[in-house]
Amino acid sequence: MKEIKGTPRSAALFLFLAGLLCVISGKSFVSMHRPEPIFPGPGLSELKSLSDYLPALKNSPGDTEVYIFLGKEKGGNLLVLGGTHPNEPAGLVTAVLLIETIRAERGNVFIIPRANASGFTHSDPQEGNPQRFSVATPAGPRLFRLGSRLTNPVDQWPDPAIYINPAGQKLSGNEARNLNRCYPGHADGHLTERIAFGIMELIRKERLDIAIDLHESAPEYPVINAIVFHENSAELAALAVLELQDEGLEIRLEASPAGLRGLSHREWGDHTGIKALLLETPNASHGRLKGRPSSSLIVDGRDKFYARAARLGWLFVAYGDEGIPLSHRVARHLAALGALLRSLAELEPDKAIEVERMPPPAEVQQKGLGAFLHPPN
Ligand SMILES: [Zn+2]
């Protein structure tokens, strides 16, 4: 075999190519810090930041927007959270869709679309996930970032070997960067605890009555297509599930285990007494059984391996060859939100929250997200 010998010229060439690769990947990494644009509809009353509720978050990577819709009539106060886990796209997209469409008639609505803003600035290593996914609208594609479940290690490092969260639960070290394990947070804790504390402050200062955290999980995970409720929201959740099942939407009712501490709805309910719920939809791109990760797997939700797993009885949801598209998952979140608000009005009429112009879930499923989202700039 002929030996290939390096020369100063080939060394310079490889050095240049390595440098070029660093510049390209560095630019691509840094671009994750640019938030996707959100185009609030005419219903928006005020745009605040989480740092307005916890000034320690100002100019930190944990600060994030709070979109406020004030109703014409007095009623209850609702918080909707997307992006607690930035790798669960239906949460972000549902929150964005609400911001771009709704108007509050009775009561007030607070929406945080990117609860863990830092988690949107990187993706999970070694997963091969796309950095963004694209939702088609008649005027062109809208791009959204697919982040990580955890806060960016650039913003919070190092992880402890064992993390004892502010609620006293012992967890593995990297859970210190999981916003859904850091409640009730701490005013001068690490970044993720400060974000959690900022949200607790918002709940207290705005005198919220009900808060809903939007999530997604893998189709092989048992808590799926579910409303997870804090015990003080049991009646509310049960009434909403009855309505949804009556409409033909299969949805599970899951009681939140009282001993699992640090989760959003657990600590919101325990510390502030509000009605606290978590919603889960099935996302194939999130699971371990999927094929190649891609933007279309996130948006179309079609994966032949999951269809096969469903035929083998391995999943906790029905999953056919047509998959479970993002539009269906967002429609599920909207349907659950609508049913919860109607149930709240029935149980506590003085706390009723009425929202107009929320895209009807059946139409979102049928026409797709692009029919309701603002066109891209
Ligand atoms: Zn989640």
Side-chain angles (χ1 to χ4, degrees), residues 32-38 40 44-70 77-88 91-96 98-100 102 104 108-122 144-145 147-152 154-156 165-167 176-215 262-269 271-272 274 276 278:
M32 291 281 281
H33 282 78
R34 245 196 333 271
E36 50 279 285
I38 296 176
L44 184 78
S45 310
E46 225 179 307
L47 177 57
K48 283 194 175 177
S49 294
L50 198 55
S51 59
D52 291 323
Y53 300 93
L54 182 67
L57 282 171
K58 193 136 197 99
N59 299 320
S60 83
D63 204 2
T64 192
E65 303 98 338
V66 182
Y67 294 80
I68 304 173
F69 300 78
L70 303 173
N77 294 320
L78 160 75
L79 171 66
V80 177
L81 224 59
T84 285
H85 289 149
N87 60 337
E88 298 169 12
L92 166 70
V93 175
T94 304
V96 170
L98 290 170
I99 291 166
E100 298 188 353
I102 66 160
N108 307 313
V109 181
F110 298 78
I111 304 176
I112 303 181
R114 297 176 278 233
N116 187 351
S118 166
F120 280 96
T121 62
H122 71 135
F144 295 92
R145 288 170 300 167
S148 161
R149 181 177 174 83
L150 305 174
T151 299
N152 193 330
V154 168
D155 301 327
Q156 185 183 313
N165 74 13
R177 290 183 289 122
N178 179 353
L179 178 57
N180 204 24
R181 297 293 181 277
C182 289
Y183 286 95
H186 211 287
D188 38 45
H190 59 58
L191 182 70
T192 317
E193 289 175 348
R194 268 183 283 145
I195 300 168
F197 192 79
I199 293 167
M200 296 297 295
E201 285 289 273
L202 184 156
I203 292 173
R204 286 186 277 259
K205 289 179 179 167
E206 300 287 4
R207 299 172 176 278
L208 295 189
D209 299 292
I210 172 170
I212 301 171
D213 197 7
L214 304 176
H215 286 255
L263 277 77
S264 57
H265 63 295
R266 166 56 44 205
E267 306 303 330
W268 295 344
H271 289 262
T272 69
I274 64 165
L278 183 149

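Not measured: the values here are computed from a predicted model.
The side chain to side chain donor-acceptor pair (under 3.5 Å) test applied to Glu36 returns Arg114, Arg145, not counting sequence neighbours. Residues passing the side chain to side chain contact (heavy atoms under 4.5 Å, CB included) test with Ser148 are His122, Asp124, Leu150, sequence neighbours excluded. Residues meeting the side chain to side chain contact (heavy atoms under 4.5 Å, CB included) test with Lys205, sequence neighbours left out: Tyr53, Glu201. Residues passing the side chain to side chain donor-acceptor pair (under 3.5 Å) test with Asn178 are His85, Glu175, sequence neighbours excluded. For Glu267, the salt bridge (Lys or Arg N to Asp or Glu O under 4.0 Å) partners two or more places apart in sequence, or in a different chain, are Arg261. With sequence neighbours left out, the ring-ring contact (aromatic ring centres under 6.0 Å, His included) criterion links Phe144 to Phe133. In this structure Arg266 satisfies the salt bridge (Lys or Arg N to Asp or Glu O under 4.0 Å) test together with Glu231, Asp270, sequence neighbours excluded. Partners of Asp155 by side chain to side chain contact (heavy atoms under 4.5 Å, CB included), not counting sequence neighbours, listed by chain and number: Pro61, Ser118, Thr121, Thr151, Asn152, Leu191. In this structure Ala95 satisfies the side chain to side chain contact (heavy atoms under 4.5 Å, CB included) test together with Ile111, Pro113, sequence neighbours excluded. Partners of Asp209 by salt bridge (Lys or Arg N to Asp or Glu O under 4.0 Å), not counting sequence neighbours, listed by chain and number: Lys351. With sequence neighbours excluded, no residue satisfies salt bridge (Lys or Arg N to Asp or Glu O under 4.0 Å) with Arg207.
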For Ile195 and Asn116, what are the C-alpha separation, side-chain angles and deciding distance, and is it a side chain to side chain contact (heavy atoms under 4.5 Å, CB included)?
CA-CA 7 Å; Ile195 300 168; Asn116 187 351; 3.8 Å; yes
Report the C-alpha separation of Ile199 and Trp268 in whole Å, then their side-chain angles, then the decisive distance to 0.1 Å, and conclude whether the side chain to side chain contact (heavy atoms under 4.5 Å, CB included) test is met.
CA-CA 9 Å; Ile199 293 167; Trp268 295 344; 4.0 Å; yes
Check against side-chain hydrogen bond (donor to acceptor under 3.5 Å, both in side chains), Ser264 and Asn180:
CA-CA 6 Å; Ser264 57; Asn180 204 24; 3.2 Å; yes
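The CG atom of Asp213 sits 3.0 Å away from atom NE2 of His215, with the distance rounded to the nearest 0.5 Å. Atom-to-atom distance recorded for Asn77:CG and Ile203:CD1 is 11.5 Å, nearest 0.5 angstrom. The structure places CD1 of Ile112 at 11.5 Å from NZ of Lys48, a figure rounded to the nearest 0.5 Å. To the nearest 0.5 angstrom, Asn108 atom CG is 5.5 Å from Phe110 atom CZ. Between the CD1 atom of Ile68 and the CG atom of Leu202 there is a distance of 7.5 Å, given to the nearest 0.5 Å. One distance of note links CG of Leu79 with CD1 of Ile212; it measures 9.0 Å at 0.5 Å rounding.
The shortest heavy-atom contact between Asn165 and Gly262 is ND2-CA, 3.5 Å. Between Glu193 and Gly189, the shortest heavy-atom contact is OE1-CA, 3.3 Å. In terms of heavy-atom proximity, Val109 sits nearest to Ala104 at CG2-CB, 4.4 Å. Of all heavy-atom pairs between Phe120 and Leu92, the closest is CE2-CD2, 3.8 Å. The nearest pair of heavy atoms linking Tyr67 to Ile99 is CD1-CD1, 3.4 Å. Across all non-hydrogen atoms, the minimal contact from Ala115 to Leu81 is CB-CG, 3.8 Å.
The main-chain N or O of Ser51 is never found under 3.5 Å from a side-chain atom of Ser49 such that the two would form a donor-acceptor pair. Put simply, the side chain of Asp63 gets close to the backbone of Leu50: a donor and an acceptor are under 3.5 Å apart.
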Going by atom type alone, with no hydrogens or angles, which donor-acceptor pairs under 3.5 Å involve a side-chain atom of residues 181-188 and a protein atom two or more places apart or on another chain?
unit_1, atom_1, unit_2, atom_2, d
His186, ND1, Asp188, OD1, 3.3

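Proximity of Glu88 to Arg149: side-chain heavy atoms (C-beta onward) are separated by under 4.5 Å at one or more points.
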